[in-house]
Number of protein chains: 2
Amino acid sequence: MTDRPLSSSQRAINELRAKIFSGELAAGSDHLESELADLLAMSRTPVREAVLTLESQGLLEMRPRKGVRILPLSPEDMGEIYDVLTELESHAAERAALVGYDAGSLSMLVKAIDDMDTAIAVSDLDAWAEADDRFHTELVRLGGNSRVVSIVNMMSDQVRRARTTTLFMRPLPTKSNQDHRDVYQAIRDGDAKAARKSHRLHRQHAKAILVDLLAKHRLRFL
Amino acid sequence: MTDRPLSSSQRAINELRAKIFSGELAAGSDHLESELADLLAMSRTPVREAVLTLESQGLLEMRPRKGVRILPLSPEDMGEIYDVLTELESHAAERAALVGYDAGSLSMLVKAIDDMDTAIAVSDLDAWAEADDRFHTELVRLGGNSRVVSIVNMMSDQVRRARTTTLFMRPLPTKSNQDHRDVYQAIRDGDAKAARKSHRLHRQHAKAILVDLLAKHRLRFL
DNA sequence: GTATTTCTTTGCGTATGCATTAAATAATCA
DNA sequence: TGATTATTTAATGCATACGCAAAGAAATAC
């Protein structure tokens, strides 16, 4: 009922994003504007607008006469992204701790942690990844800095496509949830220093694992 | 000679940015696409593309049928931006220290610091601001994370317009350059921990001064 | 056989026009 | 009079058209 028809440019953004994440538009591939327009059954205009937006979000690149290139991610890129996430999320954790949220306001965090436990128990990696996303998104939201929220969302997006690949290459992230609990408790206790530090370590650890994994499998691009 | 004619969209981006920074397009003001198109003597198409780009950079906002709104910055916005800058720049400082640059590679930092000294000596605030920009830009570049570079650039842009106002409201930033020297020395000495900490304090201090200033002058929007 | 020039193709940047739809205004009714 | 609905207005979203410039193909010269 509240369904606005949704503009073509918006649809183009959504659908292109989806196709990039699903791999239908593979990393490194080039596509002409007219090709994408045909694909989405619309004219070049809204496609161009969508492409411009997605370019500013780092998902693709416009190269005149070469086509729109879906940006591949090198291990170095992953490192960069994880470093940004580390800094901004741990800042958010610190801030969240300072706010002094009551238990109720932190229930989404608890829920996400519980869901991760459950997912790990039944070895459902997709469910785990989804809950993990939720935890990090909520953490950043609790931090209360809207710019941090949107930057982190952008960076997470970039990593998302790669995770589809890497998620199944590594053992169950059983240890990871202890980190999440630590962060949660520090926030609940209002211990900003600890929240910051815990989350920082958590992200640095995750980065190390990932970089290691990419090296081991000799993955140069995702 | 290497002057490519520069596309209209690119020109639109540059000129709109310039007009926003100069105040010709004032914060909080609304402008129709067609109005901007007339202003720049081009059609709506490239203007729309430019506006889309600038929107993604947080300088303005498209509100269908209300016009393009140049985003004003509240003190809370400034706080958010400074926090992001604090985190990412101090990360860059840490990384720069870890790289182990030789004195030659750090000469731009030294130059910027010297220029700030000179500017302060002759009370040239514009020159000081320009050199300060240079210092921070170079610092972040030395950090070696391209994403940090572009995010910091975006955030600095948002602050730039406000600085035109605030710069002249406060006393000469004589103390600030000692901070810069501390950061520089830590990087030169390869002391990552110190570099990070120094720069963090520097930015937090700057934020405090600014927020204070805005409160004192009861500036709700810039 | 290679290098250089000319020709052809084609993708993009921009302008333009039209349909849509949100806002503003007028009109109608309780 | 105040509220509600119809009407008008006009800015946007999108499609389309066109010219330019770049990449590639063909042709010519060497």
Side-chain angles (χ1 to χ4, degrees), chain A residues 1-20 24-72 150, chain B residues 1-20 24-72 150:
Chain A
M1 35 193 63
T2 61
D3 265 15
R4 320 285 333 288
L6 207 57
S7 75
S8 291
S9 336
Q10 201 53 54
R11 252 190 50 223
I13 293 176
N14 296 342
E15 298 192 12
L16 288 178
R17 276 172 49 96
K19 285 177 196 301
I20 290 172
E24 183 176 338
L25 293 177
S29 62
D30 289 324
H31 308 273
L32 297 180
E33 290 180 5
S34 49
E35 178 195 335
L36 296 176
D38 288 350
L39 186 66
L40 303 180
M42 58 181 70
S43 81
R44 276 178 51 222
T45 309
V47 170
R48 260 181 84 85
E49 294 191 353
V51 163
L52 228 21
T53 302
L54 296 177
E55 177 172 48
S56 76
Q57 303 186 1
L59 287 178
L60 48 81
E61 181 190 23
M62 290 181 85
R63 297 185 308 168
R65 319 214 150 250
K66 300 263 178 155
V68 173
R69 180 179 174 77
I70 311 301
L71 285 180
S150 70
Chain B
M1 30 204 71
T2 61
D3 265 14
R4 321 283 330 289
L6 207 56
S7 74
S8 291
S9 336
Q10 201 53 53
R11 251 190 51 222
I13 293 176
N14 296 342
E15 299 192 11
L16 288 178
R17 278 175 47 96
K19 285 177 195 303
I20 290 172
E24 183 175 340
L25 293 177
S29 62
D30 289 324
H31 307 272
L32 297 179
E33 291 179 5
S34 49
E35 179 195 334
L36 296 176
D38 288 349
L39 185 65
L40 303 180
M42 58 181 71
S43 80
R44 277 177 50 222
T45 310
V47 171
R48 262 182 81 86
E49 295 192 352
V51 163
L52 229 18
T53 303
L54 296 176
E55 177 172 47
S56 75
Q57 303 187 3
L59 288 179
L60 48 81
E61 181 190 23
M62 289 181 85
R63 296 185 310 170
R65 325 220 152 241
K66 300 263 181 157
V68 173
R69 179 180 175 75
I70 312 301
L71 284 180
S150 68

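Throughout, a chain's letter reflects where its sequence line sits, starting with A, and its residues are numbered from 1. Computed from a predicted model, the values in this text were never measured in an experiment.
Side-chain atoms of Glu61(B) do not come within 3.5 Å of backbone N or O of Arg69(B) as any donor-acceptor pair. In this structure, Gln57(A) contributes its side chain and Leu54(A) its backbone to no donor-acceptor pair below 3.5 Å. Put simply, the side chain of Glu33(B) never gets that close to the backbone of Arg44(B): no donor and acceptor are under 3.5 Å apart.
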Each nucleotide of nucleotides 8-18 of chain C classed B (base within 4.0 Å of a protein heavy atom), S (only sugar-phosphate) or -, in 5' to 3' order, makes --BBBBBBBB-
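A 4.5 Å side-chain heavy-atom check between Pro64(B) and Lys66(B) finds every atom pair outside the cut-off. Looking at Arg17(A) and Ile13(A), their side chains come closer than 4.5 Å, going by heavy atoms from C-beta outward.
If you take CD of Glu35(B) and C1' of dT12(D), they are 15 Å apart, rounded to a whole angstrom.
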